[in-house]
Amino acid sequence: MQVVETIKDLHEWREGISGTVGLVPTMGYLHDGHLALVRRAREENDQVAVSIFVNPRQFGPNEDFARYPRDTTRDLSLLRDAAVDCVFLPSVDEIYPPGFSTTVDVEGLGRRLEGLSRPGHFRGVATVVARLLNLVRPTRAYFGQKDAQQVAVVRRMTADLALPTEIIAVPTVRDADGLALSSRNIFLSIDERTAALSLWRALARAEDAFTAGERKAEVLREIVCLELELQPLVQIDYVSVADSASFEELDLVDRPATIALAVWLGRTRLIDNVALES
């Protein structure tokens, strides 16, 4: 496994290989959800590259950039065991050198839900992903479905910019009790971790109602809210039932849709979602 820290060394690695390349962009502090992306990339490509970069441009001024967990030594050990070919481990200055002034902004889609709660977040995501795709030139790039809106933003961006990379969404990986894996779960207290189980319960109950024939989006939102509100430690940011491509809110679920939510548990913000397919 090669570990490269500069664009120059990354280019040298890229020029020295052949065949298909799968890229897994991460912010590090890896868990089984990230490793599921790596395994999928390993199955489908000749070469696998993983980037580890905590992107400051997708964090707001009052968000947890400095607090975001980091453990590069552990990450590299996990990636070596997963038979990754190359790890790109750049500094902030390597990705955003002095004078860097270009951003990628997916209008509309990028300003709903997460984009509304975290202004500028998806501009930072789209900018860094566009840069990584141009640097690595992967055949495919892999993202977790837990960040469903991010997947939609990246797909829209690659289509609009005619980038040749195929964007692959990999199903959310959950603990045995249903909590979606997240690097931020480490910050949850014991009581908050217990309360966080209400996220999956709420989504599962709404999904059950949909399976039973409920199509009114407002009813599905209410099912989610009622379950979350049973937990006093949970503060709801948003609950959405939206078109899976545009993330525009729906009145009636008559197309592929996503139930998405974001909550606060103390100082920790968690997101989760479930796809609804007729």
Side-chain angles (χ1 to χ4, degrees), residues 1-18 20-31 33-35 37-38 41 45-61 63-80 82-106 110 118 120-144 147 150-151 153-154 157-158 160-165 167-168 183-184:
M1 185 177 80
Q2 285 189 244
V3 180
V4 298
E5 298 182 355
T6 67
I7 290 171
K8 177 178 178 294
D9 289 342
L10 178 65
H11 282 163
E12 288 183 2
W13 173 79
R14 187 64 181 86
E15 293 301 321
I17 63 170
S18 60
T20 58
V21 178
L23 171 66
V24 180
T26 82
M27 293 205 300
Y29 208 75
L30 304 180
H31 51 64
H34 297 109
L35 297 179
L37 306 182
V38 173
N45 300 277
D46 300 308
Q47 302 283 332
V48 176
V50 174
S51 61
I52 299 176
F53 178 65
V54 184
N55 177 28
R57 297 197 175 203
Q58 67 190 69
F59 290 79
E63 293 186 338
D64 59 349
F65 174 71
R67 183 173 175 249
Y68 194 86
R70 297 162 170 84
D71 190 339
T72 303
T73 300
R74 174 179 167 276
D75 290 346
L76 292 177
S77 177
L78 290 171
L79 295 176
R80 190 172 289 108
V84 167
D85 298 289
C86 180
V87 179
F88 183 38
L89 195 62
S91 66
V92 172
D93 284 345
E94 193 70 18
I95 295 295
Y96 304 120
F100 189 94
S101 57
T102 299
T103 60
V104 180
D105 194 358
V106 180
R118 305 177 65 188
H121 170 67
F122 283 127
R123 183 167 59 246
V125 169
T127 300
V128 77
V129 171
R131 190 139 166 77
L132 290 169
L133 295 183
N134 277 305
L135 291 171
V136 179
R137 289 173 285 135
T139 313
R140 304 173 185 90
Y142 296 81
F143 296 84
D147 298 293
Q150 174 175 276
V151 173
V153 166
V154 171
M157 181 267 292
T158 56
D160 289 351
L161 299 183
L163 300 178
T165 300
I167 304 303
I168 306 292
S183 299
R184 290 182 170 93

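What you are looking at is a predicted structure, and each value in this text was computed from that prediction instead of being measured. FYI, the numbering just counts along the sequence from 1. All values below were derived from every heavy atom in this structure, side-chain atoms included, with hydrogens, water molecules and symmetry-related copies excluded.
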Non-hydrogen atoms of [X] and [Y] that approach each other most closely:
X: Leu132; Y: Pro25; value: CD1-CB, 4.1 Å
X: Pro69; Y: Ser183; value: CG-O, 3.6 Å
X: Ala126; Y: Val106; value: CB-CG2, 4.3 Å
X: Val24; Y: Ala41; value: CG2-CB, 4.1 Å
X: Ala130; Y: Val104; value: CB-CG2, 4.1 Å
X: Val84; Y: Cys86; value: CG1-O, 3.4 Å

Could you grab the distance from atom [atom1] of [X] to atom [atom2] of [Y], nearest 0.5 Å is fine?
X: Arg137; Y: Leu163; atom1: CZ; atom2: CG; result: 13.0 Å
X: Arg131; Y: Phe53; atom1: CZ; atom2: CZ; result: 9.0 Å
X: Ile167; Y: Thr158; atom1: CD1; atom2: OG1; result: 4.5 Å
X: Leu133; Y: Leu161; atom1: CG; atom2: CG; result: 9.5 Å
X: Leu76; Y: Asp71; atom1: CG; atom2: CG; result: 9.5 Å

Can you list the steps and then say if Asn45 with Val21 is a side chain to side chain contact (heavy atoms under 4.5 Å, CB included)?
-> CA-CA 6 Å; Asn45 300 277; Val21 178; 5.7 Å; no
Tyr29 six-ring centre to Arg74 NZ/CZ under 6.0 Å and within 45° of normal =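 Yes.
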Between [X] (side chain) and [Y] (backbone), is there a donor-acceptor pair under 3.5 Å?
X: Asp46; Y: Thr20; value: yes
X: Arg57; Y: Thr127; value: no
X: Arg118; Y: Gln58; value: yes
X: Asp9; Y: Glu5; value: no
X: Thr139; Y: Gly22; value: no
X: Arg140; Y: Pro138; value: no
X: Arg123; Y: Asp105; value: no
X: Thr26; Y: Ser51; value: yes

Does any non-hydrogen side-chain atom of Phe59 lie less than 4.5 Å from one of Asp64?
-> yes
Can you list, pair by pair, the side-chain donor-acceptor contacts under 3.5 Å of residues 87-102, counting residues two or more places apart and other chains?
residue: Ser91; atom: OG; partner: Glu94; partner atom: N; Å: 3.1
residue: Glu94; atom: OE2; partner: Ile7; partner atom: N; Å: 2.7
residue: Tyr96; atom: OH; partner: Asn55; partner atom: OD1; Å: 2.7

Taking it one step at a time, do Val153 and Val129 satisfy side chain to side chain contact (heavy atoms under 4.5 Å, CB included)?
-> CA-CA 10 Å; Val153 166; Val129 171; over 6 Å; no
Candidate pair Asp75 and His34, rule side chain to side chain contact (heavy atoms under 4.5 Å, CB included), full reasoning = CA-CA 10 Å; Asp75 290 346; His34 297 109; over 6 Å; no
Apply side chain to side chain contact (heavy atoms under 4.5 Å, CB included) to the pair Leu10 and Arg14, showing each step before the final yes or no.
-> CA-CA 6 Å; Leu10 178 65; Arg14 187 64 181 86; 5.5 Å; no
